[in-house]
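Data block below; observations after.
Excluded from the calculations below are hydrogen atoms, water molecules and symmetry mates; all remaining heavy atoms, backbone and side chain alike, are included. Numbering of residues begins at 1 and proceeds along the displayed sequence.
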Amino acid sequence: MTLLVLDEQLASKRLADGLRARGLEISTVGDLGLTGRPDPDVVRTIDGRLSEMWVLVTMDLTIVEEHPGFEWERYAIAWITVHEDMRGAAFEAEKTDVVHRHAHRIAEQARGDHYTYTTKRWIRSRPSLATQLRRKL
């Protein structure tokens with residue numbers, strides 16, 4: 001079974017427990033003792049520790065741009081995006097909904113797959129930096 005590794009922004013106990021209750025194998029970056037470390041170190045360490053298939057589930061939409069030259073294509077990554085106007089409890093509820101809605105599809109990702117997930121769809125690519133910049137303008 002594929003292990004879903006929830007990055008720091010998604011590491012709530014409630015979310016992890018809910019996914020486990022649905023029969024998914026879940027860990028968090030914190031469970032693995034990797035909180036606060038640079039993203040390339042996190043994925044290298046996870047990959048070195050685990051022999052099973054795993055997917056990093058993250059909301060960090062700019063990790064590829066922040067670490068150019070790193071071999072991101074070697075790892076399965078699921079990017080979770082929420083509507084840009086969401087704040088507070090609504091933001092938390094939507095990110096939880098996106099993960100739950102697509103959890104089984106995320107668990108089917110293969111090594112090197114990069115998908116972006118929203119409440120209504122999934123896209124077989126990482127998030128567009130241009131789209132993210134437009135949202136912030």
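A 4.5 Å side-chain heavy-atom check between V43 and W54 finds at least one atom pair inside the cut-off. With a 4.5 Å cut-off on side-chain heavy atoms, L4 and E25 do not count as touching. Residues W79 and V64 are in side-chain contact: their nearest non-hydrogen atoms beyond the backbone lie under 4.5 Å apart. Residues I80 and T58 form no side-chain contact, since every pair of their non-hydrogen atoms from C-beta on lies 4.5 Å or further apart. The shortest distance between side-chain heavy atoms of T118 and H83 does not fall below 4.5 Å. Residues M53 and L3 are not in side-chain contact: their nearest non-hydrogen atoms beyond the backbone lie 4.5 Å or more apart. When side chains are defined from C-beta on, V57 does not count as touching V5, because their heavy atoms never get closer than 4.5 Å. Residues I77 and V55 fail the side-chain proximity criterion, which asks for heavy atoms closer than 4.5 Å.
Judged by distance alone, the side chain of R101 and the main-chain N or O of T119 form a donor-acceptor pair under 3.5 Å. Counting only distance, with no hydrogens or angles, the side chain of E8 and the backbone of V29 share no donor-acceptor pair below 3.5 Å. Proximity of a side-chain donor or acceptor of R22 to a complementary backbone N or O of H100 within less than 3.5 Å is detected. Of the possible donor and acceptor atoms, one in the side chain of D31 sits under 3.5 Å from a partner among the backbone N and O of T28. In terms of modelled atom types and a separation under 3.5 Å, the side chain of H114 and the main chain of Y75 share a donor-acceptor contact. Side-chain N or O atoms of T81 include one that pairs as donor or acceptor with a backbone N or O of Y117 at under 3.5 Å. Of the possible polar contacts, one joining the R49 side chain to the L32 backbone as a donor-acceptor pair under 3.5 Å is found. The closest donor-acceptor contact from the side chain of E52 to the backbone of T2 lies at 3.5 Å or more, if one exists at all.
Nearest heavy atom pair, residue G30 against residue T35, reads CA-OG1, 3.2 Å. Scanning both residues, A103 and L19, for their nearest heavy atoms gives CB-CD2, 3.7 Å. In terms of heavy-atom proximity, A107 sits nearest to L24 at CB-CD2, 4.1 Å. Scanning all heavy atoms of the two residues, the minimum distance from F91 to M59 falls at CZ-CE, 3.5 Å. Listed here is the closest heavy atom pair of A110 and A76: O-CB, 3.4 Å. T116 and S125 get closest at one heavy-atom pair: OG1-O, 2.7 Å.
Under a hydrophobic clustering in which Ile, Leu, Val, Met, Phe, Trp and Tyr are joined whenever their side-chain heavy atoms come within less than 4.5 Å, directly or via other members, I106 and I123 fall into different clusters.
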Stepwise salt bridge (Lys or Arg N to Asp or Glu O under 4.0 Å) check, R14 with D17
CA-CA 5 Å; R14 185 175 179 189; D17 288 347; over 6 Å; no
Determine, step by step, whether R126 and E65 satisfy the salt bridge (Lys or Arg N to Asp or Glu O under 4.0 Å) criterion, reporting the C-alpha distance in whole Å, the side-chain angles of both residues, the deciding distance to 0.1 Å, and the verdict.
CA-CA 11 Å; R126 63 186 179 90; E65 289 78 19; 2.6 Å; yes
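Between W72 and H67, the ring planes lie tilted relative to each other; the angle falls in the 30° to 60° range.
With sequence neighbours left out, R44 forms a side chain to side chain donor-acceptor pair (under 3.5 Å) with D41. Under the side chain to side chain donor-acceptor pair (under 3.5 Å) criterion, R111 pairs with D47, not counting sequence neighbours. In this structure E92 satisfies the side chain to side chain donor-acceptor pair (under 3.5 Å) test together with K95, sequence neighbours excluded.
Salt bridge R74/E71: present, at least one basic N to carboxylate O contact under 4.0 Å.
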